[in-house]
Amino acid sequence: MQNIVASLEQSSEADRQAALQKLEEMQMKDTLRMFNGLVERCFGECVNGFRSKALSAPEEKCISTCAEKFIKHSGRVGQRFGELTMQEQAAQQGMAGGSGS
Amino acid sequence: MQQAQQNELEAMTDMFNKMTEQCFKKCVAAYKEQELSVGEATCVDRCVHKYMVAHAKVQEILGKHAQQAQLQQGR
């Protein structure tokens, strides 16, 4: 990952634009995948009766809670992941002994 | 095809496959018959409807959070 960032800094403006566009596309796809997975998870967990085609009030509540909770969960995981990645990078740079630019 | 259209199509296909999987799991109880029973068919109809409603509901919640995140970044 560090290498990607480093090589991006050295690359030309056009390359950088292309890379950013690619990154945006990947993020878009990942968001869509996450969304579909979330619907599947919460539906599987919350909806179990099919006597009506409308969501019952408890089912709707459960889906809201499930979705909200998952979003907060994923935010927290992202935060911790970011912190740990930064620590690791700092440790690696420390090991390089400050010789790198 | 435009990238955005392709993404949308892929997402729809993915959603459809997941819905099929879920409703089969929840509605089809036995494999004694080749045909869907009346009860199973009714269940599937309702399940598809419910899945779409759940989809819209989760979409709304995600949208709300995305908006909040943008507002916070804008500060």
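Because the structure is a prediction, the values reported are computed rather than measured. We use all heavy atoms of the structure for the numbers below, so side chains are in, but hydrogens, waters and symmetry mates are not. Per chain, numbering begins at 1; letters A, B, ... match sequence-line order.
- Looking only at heavy-atom pairs under 4.5 Å with chain A, the residue among B:M15, B:E60, B:E21, B:K64 that has the most is B:M15.
- Within a 6.0 Å sphere centred on CD of B:E35, heavy atoms belonging to other residues, nucleotides or ligands number 12 at most.
- Counting heavy-atom neighbours within 6.0 Å of B:E8 CD, excluding the residue itself, gives a total of 12 or less.
- Note that OG1 of A:T31 and CG of B:L62 are 9.0 Å apart. Values are rounded to the nearest 0.5 Å.
- Along residues 65-72 of chain A, the residues that come nearer than 4.5 angstrom to chain B, judged on non-hydrogen atoms, are A:A67, A:E68, A:I71, A:K72 in order of number.
- Within a 6.0 Å radius of CD in A:E13, more than 12 heavy atoms belonging to other residues, nucleotides or ligands are found.
- Put simply, of B:C47, B:A69, B:A54, B:A4, the one with the most heavy-atom pairs under 4.5 Å next to chain A is B:C47.
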Check the pair B:H55, A:F35 against ring-ring contact (aromatic ring centres under 6.0 Å, His included), reporting the backbone distance first and the verdict last.
CA-CA 9 Å; B:H55 186 88; A:F35 169 49; 4.7 Å; yes
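- Contact annotation for A:S64: both backbone and side-chain heavy atoms come within less than 4.5 Å of a heavy atom of chain B.
- In terms of heavy atoms, B:H49 sits closest to A:K53 at ND1-O, 2.8 Å.
- By the 6.0 Å contact criterion, CD on A:E88 is open, its count of non-hydrogen atoms from other residues, nucleotides or ligands being 12 or less.
- Residues of residues 20-29 of chain A placed with any heavy atom under 4.5 Å of a heavy atom in chain B are listed by number as A:E25, A:M28, A:K29.
- Residue B:Y51 comes nearest to A:N36 through the heavy atom pair OH-O, 4.4 Å, listed as atom of the first residue, atom of the second, then distance.
- Counted within 6.0 Å of CD on B:Q68, heavy atoms from surrounding residues, nucleotides or ligands total more than 12; the atom is thus considered enclosed.
- Ion pair A:E59/B:K50 flagged as a salt bridge, since at least one NZ, NE, NH1 or NH2 atom sits closer than 4.0 Å to an Asp/Glu carboxylate oxygen.
- Expressed to the nearest 0.5 Å, how far CZ of A:R51 lies from OG1 of B:T42 amounts to 12.0 Å.
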Pair B:K26-A:N48, side-chain contact (heavy atoms from CB on, under 4.5 Å): steps then yes or no
CA-CA 7 Å; B:K26 287 186 187 284; A:N48 281 304; 2.9 Å; yes
